[in-house]
4 protein chains.
Amino acid sequence: MFPGAAPNGSRPHLWRLCGPCSRQQRLDAALRIYARAGVGDLALNTLAEEAGVSNGTVYNYFRSREKVLEAVGLELAVQLSEQILTVSGAVDSGAERLSIAVRTFMNKARTDPDWTRALITVVRYAEGMRSTLATYLRADLQAGRRQGDFHYAHEEMAMSMEISATLGAMNLLVEDGEVEHADSIAAEMVLQALGGAVGEG
Amino acid sequence: MFPGAAPNGSRPHLWRLCGPCSRQQRLDAALRIYARAGVGDLALNTLAEEAGVSNGTVYNYFRSREKVLEAVGLELAVQLSEQILTVSGAVDSGAERLSIAVRTFMNKARTDPDWTRALITVVRYAEGMRSTLATYLRADLQAGRRQGDFHYAHEEMAMSMEISATLGAMNLLVEDGEVEHADSIAAEMVLQALGGAVGEG
Amino acid sequence: MFPGAAPNGSRPHLWRLCGPCSRQQRLDAALRIYARAGVGDLALNTLAEEAGVSNGTVYNYFRSREKVLEAVGLELAVQLSEQILTVSGAVDSGAERLSIAVRTFMNKARTDPDWTRALITVVRYAEGMRSTLATYLRADLQAGRRQGDFHYAHEEMAMSMEISATLGAMNLLVEDGEVEHADSIAAEMVLQALGGAVGEG
Amino acid sequence: MFPGAAPNGSRPHLWRLCGPCSRQQRLDAALRIYARAGVGDLALNTLAEEAGVSNGTVYNYFRSREKVLEAVGLELAVQLSEQILTVSGAVDSGAERLSIAVRTFMNKARTDPDWTRALITVVRYAEGMRSTLATYLRADLQAGRRQGDFHYAHEEMAMSMEISATLGAMNLLVEDGEVEHADSIAAEMVLQALGGAVGEG
DNA sequence: TATGAATGAGAGTTCATTCAT
DNA sequence: TATGAATGAACTCTCATTCAT
């Protein structure tokens, strides 16, 4: 059995979230935790049930409910970063990388509403997750500016607005249903907001 | 104190939120209700205390907690609309009207963090309030497009992103402190996102 | 206008229950109070509304909720006594008078379920009403015994059981629907319980 | 005391009411729950206190207040059935079995007023318990009729009246105090009501 | 280490009761 | 005298948290 695998067959283990196991393995649990749980139903009993562990077990790994949410948020952030890097890793243009990121998010919102609701919920509750998202964004913004594509006046404001706008667009997709070419539209608006040309990416 | 006794000095009147009294009167109560209440603390006990009434009194006016939030949200929406119309009422340019609106919001966020936290909280909980905000925004977007200033591809997405971005900017201001010229910066980004020139308004 | 009439047209007045007005007039209010009110819904707000007065007004006449129930119970008792006396007033046989009483109650249960539910509810809540009912019953029991028709061993037990049995029969009628000749059946069982022959009444 | 701490001496176990444990064990808890609780005081806080558990614990076993009452009622019904069967199990005569049952109830009312008040209270609130009682009664009625001892005209009415009358007699005993030979007197009236001879049993 | 019964503070809601008008 | 807004204690129910096993 490879290291980190669930010990006895189908029993999922919450420790995938915190133990010393591979990043790929953490994805499963984090996703499963929120995949079927309705937005706003953040009760730890429900969460524990989804994770396939007893409620008491949660407290062997997290000191409080808040810490659990943080961890789940982090997990979601890690997932998204990997998805983005997979696509934009080799791209040099900051603007293009940002465009790719936004479109990746939008497509995720279209194909995986549960994941998206989980993300939105967690961002609202655990404000700290914004910084995690910001970390990825900041590099692209700075690269885009260096390359002459972006002309924003205040980096923090730019990041905050870009993240909020993208989440808003995702929310619209999830709650109000399909929008044709939503990914390109969102990416275009986001780039324009930064004073950049329309991304071709 | 025995049940039923009302302090006969400063009779608080929750009905300002629902009765047929002047709009100005309603402002006071709505504001007072959330003014000092911490963000996210929507417990009716707290709310009642802030409003200066007993918890049971709330139920003389609203059938449930949800109805209270609706009313508070509506009240905040009314307030903001008035503030905006006061400034941009005579302006014809949609782009300029939008610019004024964004800057008005941003200034409000700077000068009245409590009000702003209340707005953000309510928007999160009572998703319906987005539509109220959207009502004001839609007219400006359409005017701006007719006048050739805006070139957005999808109205709903545009509205959703603009609202989210503005709220995100307000949130930054409130949580992370002062930003020089935050109002102009936010307005500029919002307008650029719509494919418009920088508002001079 | 005849004395005791409601002063201004349709305004029903709770004081009919306690004021110095005729017995006939009291009937109306007591009945109306419980007629449409669901069993067990004894909230004073509801009751006041049914009576057509404000909730505060109730306390001008009754010191507490319990006193109100007592009064309503008394009113119902008065009604039933009148109904019974109307029919059995000229009858000398205690057994026959009891038979008439039971059948009158049973017919009331068949034709007026609301009234009956009100009676049952009130008897449960205001135990004191049992004594009111007992007053009417006792005379019949004693007469029947003098006349050699009844042979009960303990008067209080006999009264308690007769009242409970009759109310039980009424309850069955009201909750489980029609029973053929329910009135005669009930009367027969009640008389037999007292060691009496079947009432012919 | 900090949350979650259970006194480690006398661990109270509410699951005696619902778990798969022996009938004898269930008796204890059900009795303890209502033993000292005043009639009509059905507040779950009180009930929990009587059961020796915290109020939240009740909801680990019952979904709602109503379910608790149902379970308590069922428990009481089980108790009484066992008491009756112990005495009348070997008796063939329906009339005699009924007589035994009534006298058993009456003696219970005399020696255990708390249990009796609990029974009366529960029957009033959870009407469904009447059917449980009826189940035991029906067999005796039918046997008595087959054996020529009973001559009732309508089984449902007979059952309803017998149950009500017996409960009425029990209530008298509990509320108004001692009555000499109450058990025999009640049994005699009940049997007579069914057209039967006086039970000798 | 994993469990889950037990906990109890606190939430939303109801309603008998009071008193200024 | 009639009103009804205001009260607040009490109730049902939820859930984050603890600890004996």
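Letters A, B, ... mirror the listed sequences (proteins, then strands); counts begin at 1. Values below: all heavy atoms of this structure, side chains included; hydrogens, waters and symmetry mates excluded.
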Quiz item: Checking only heavy atoms, does the side chain of B:Asn45 share a donor-acceptor pair with the base of E:dA11 at less than 3.5 Å?
Solution: no
Quiz item: Under the side-chain contact (heavy atoms from CB on, under 4.5 Å) test, which residues partner D:Thr116, sequence neighbours left out?
Solution: D:Ala109, D:Ile120, D:Met170, D:Val174
Quiz item: Quick one: is F:dT3 close enough that its OP1 or OP2 comes under 4.0 Å of any side-chain N or O from C:Thr57?
Solution: yes
Exercise. With rounding to the nearest 0.5 Å, note down the distance linking OG1 in B:Thr57 to CZ in B:Phe62.
Key: 11.5 Å
Quiz item: Using Watson-Crick and G-U wobble pairs whose two distances are both under 3.5 Å, how do you write the pairing of DNA chain F as dot-bracket, with | for links to another strand?
Solution: .||||||||||||||||||||
Quiz item: How many angstroms lie between CG in D:Asn55 and CG in D:Leu44, if you round to the nearest 0.5 Å?
Solution: 8.0 Å
Quiz item: From F:dT7, F:dT17, F:dT12, pick the nucleotide closest to the side chain of B:Val53?
Solution: F:dT7
Exercise. Figure out the CZ/P separation between C:Arg65 and F:dA9, and round it to whole Å.
Key: 19 Å
Quiz prompt | DNA chain F: 5'-proximal contact among B:Asn60 and A:Gly56 (nearest heavy atom) | solution = B:Asn60
Quiz item: Considering residues at least two apart in sequence or located in another chain, which fulfil the side-chain contact (heavy atoms from CB on, under 4.5 Å) criterion with C:Ser64?
Solution: C:Glu66, C:Lys67
Self-check item: Short side-chain N/O contact from B:Tyr59 to OP1 or OP2 of E:dT14, under 4.0 Å
Solution: no
Quiz item: Under 4.0 Å between a side-chain N/O of C:Tyr61 and OP1 or OP2 of F:dT1, yes or no?
Solution: no
Self-check item: Which residue lies more 5' along DNA chain E, comparing B:Glu66 with A:Ser54 via nearest heavy atoms
Solution: A:Ser54
Quiz item: For B:Asn55 and A:Asn55, take the nucleotide of DNA chain F holding the closest heavy atom to each; which residue's nucleotide lies nearer the 5' end?
Solution: B:Asn55
Quiz item: Of the nucleotides F:dT12, F:dT17, E:dA11, which has the atom closest to the D:Leu44 side chain?
Solution: F:dT12
